[in-house]
Amino acid sequence: MPDSIRPLIAGNWKMNGLKASSAEFEAMLAGASAVAAKADLLVCPPATLIAAFAEKARASKTLAIGGQDCHPKASGANTGDISAEMLADAGASAVIVGHSERRADYGETDVLVRQKAEAVWRAGLIAIVCIGETQHQRDSGQTLDICRGQLRLSLPDKAKADNLVVAYEPVWAIGTGLTPTVGDVEQIHRLIRDLLIARFSGEGAKIRILYGGSVKPSNAKELMAVANVNGALVGGASLKAADFLAIAAGCP
């Protein structure tokens with residue numbers, strides 16, 4: 001991991017978390033300073049908890065709050081949706097877009113993901129854009145082509161290190177306990193880095209690339225040591241303070 005790129009450990013709580021979850025979040029806050037030298041921390045709870053968590057984290061310099069999705073528009077007659085501006089107003093500093101579960105469950109296309117990323121920027125937030133292949137695509141030898149295509153179409157122009165994070169999440173590894181080999185991760189992250197540099201020049205060399213997909217304390221250190229892995233997008237393990245902080249502690 002290049003010394004110039006500070007790692008980011010981002011927790012995606014997905015559809016988990018009630019008011020009672022504040023205790024776990026407070027434990028994360030309390031332990032964040034112990035790993036502050038290792039990485040930045042970001043917690044993306046359900047929208048119902050963003051404002052409350054952001055208030056608790058207001059004084060923290062090591063733990064920020066993010067959203068899990070947003071609508072491309074700033075406002076309008078879109079019942080049930082949340083705009084990036086609303087997330088910013090609630091205290092979010094980043095938004096995940098293009099997660100494989102959104103792509104699969106709601107048919108989100110690369111074009112829509114790009115529009116959402118642009119909306120995140122419009123609100124002054126950081127876009128965490130997810131890409132990754134399914135088991136069928138992997139078995140068919142399409143991994144590199146799928147990642148290349150998603151990266152090309154999902155990322156807006158004028159991306160910079162301070163407004164974009166790319167997360168590679170092999171769909172078949174999410175929540176399954178399976179992870180690619182270190183060699184596989186290194187290959188994909190090298191591809192992503194090369195494509196970012198080709199498109200965004202110097203900024204592409206500085207954009208953080210996260211690995212996601214069954215990241216846990218037991219494999220975090222090995223994964224975080226891989227070239228061009230600048231942190232992790234963590235699912236289930238981010239719901240427990242001890243696991244989330246242990247993953248951050250695994251950064252070089």
Side-chain angles (χ1 to χ4, degrees), residues 1-10 12 38-39 96-104 109-110 113-114 117 127-156 159-161 164-238 247-248 250-252:
M1 182 183 298
D3 292 339
S4 60
I5 301 182
R6 181 169 167 81
L8 169 67
I9 305 299
N12 177 13
K38 294 276 191 175
I96 299 168
V97 296
H99 192 280
S100 63
E101 290 158 2
R102 298 292 310 181
R103 292 177 184 264
T109 64
D110 293 328
V113 173
R114 179 181 181 133
I128 301 176
V129 178
C130 302
I131 66 169
E133 82 282 8
T134 65
Q135 183 70 61
H136 173 72
Q137 291 165 339
R138 175 182 170 84
D139 292 343
S140 302
Q142 301 179 62
T143 296
L144 297 183
D145 287 340
I146 292 297
C147 291
R148 188 180 291 111
Q150 288 181 343
L151 201 68
R152 177 174 59 86
L153 295 174
S154 298
L155 301 186
K160 298 180 180 179
L164 177 71
V165 173
V166 173
Y168 168 60
E169 288 198 310
V171 180
W172 52 272
I174 299 173
T176 64
L178 303 173
T179 55
T181 66
V182 168
D184 288 340
V185 173
E186 185 170 12
Q187 180 188 31
I188 300 301
H189 279 246
R190 178 72 255 178
L191 170 72
I192 294 170
R193 178 66 68 205
D194 288 345
L195 292 172
L196 289 174
I197 291 173
R199 183 170 172 188
F200 304 115
S201 301
E203 286 294 327
K206 298 182 290 183
I207 291 171
R208 293 191 275 200
I209 307 171
L210 311 184
Y211 171 75
S214 294
V215 179
K216 43 190 177 286
S218 61
N219 63 16
K221 187 172 183 179
E222 181 180 40
L223 288 168
M224 296 306 103
V226 175
N228 294 301
V229 173
N230 313 122
L233 181 57
V234 186
S238 69
I247 289 170
C251 292

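Computed over heavy atoms, backbone and side chain alike; hydrogens, waters and symmetry mates excluded.
Listed here is the closest heavy atom pair of Ile207 and Leu164: CG2-O, 3.5 Å.
Within the 4.5 Å cutoff, no side-chain heavy atoms of Arg152 are placed close to those of Leu195. Looking at Ser214 and Leu178, their side chains never come closer than 4.5 Å, going by heavy atoms from C-beta outward. No side-chain heavy atom of Asn230 sits less than 4.5 Å from a side-chain heavy atom of Pro7. Annotation: side chain of Val166 is not in contact with side chain of Ile128 (no heavy-atom distance under 4.5 Å). At least one side-chain heavy atom of Leu155 sits under 4.5 Å from a side-chain heavy atom of Leu196. Annotation: side chain of Cys130 is in contact with side chain of Ile96 (closest heavy-atom distance under 4.5 Å). Here the side chains of Asp184 and Arg138 are in contact, with some heavy-atom distance below 4.5 Å. Contact annotation: the side chain of Glu101 approaches that of Ile174 to within less than 4.5 Å [non-hydrogen atoms, C-beta and beyond].
Within the model, atoms NE2 of His99 and CG of Leu233 stand 6.0 Å from one another, a figure rounded to the nearest 0.5 Å. Atom CD1 of Ile197 and atom NZ of Lys206 lie 11.5 Å apart (nearest 0.5 Å). Gln150 contributes atom CD, which lies 11.5 Å from atom CG of Asp145 (distance to the nearest 0.5 angstrom).
Residue Gln135 qualifies as enclosed at atom CD: its count of foreign heavy atoms under 6.0 Å is above 12.
If you check the side chains of Trp172 and Glu133, you find a donor sitting under 3.5 Å from an acceptor.
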Subject >> side chain to side chain contact (heavy atoms under 4.5 Å, CB included) between Arg103 and Val113, intermediate numbers included >> reply: CA-CA 9 Å; Arg103 292 177 184 264; Val113 173; 3.9 Å; yes
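Checked for salt-bridge contact, Asp110 and Arg114 miss the test: no charged N lies under 4.0 Å from a carboxylate O.
Of the options Gln187, Arg208, Arg193, Glu186, a side-chain hydrogen bond (donor to acceptor under 3.5 Å, both in side chains) to Asn228 is made by Arg193 and by none of the others.
Between His189 and Tyr211, the angle of the ring planes lies from 30° to 60°, which puts this pair in the tilted group.
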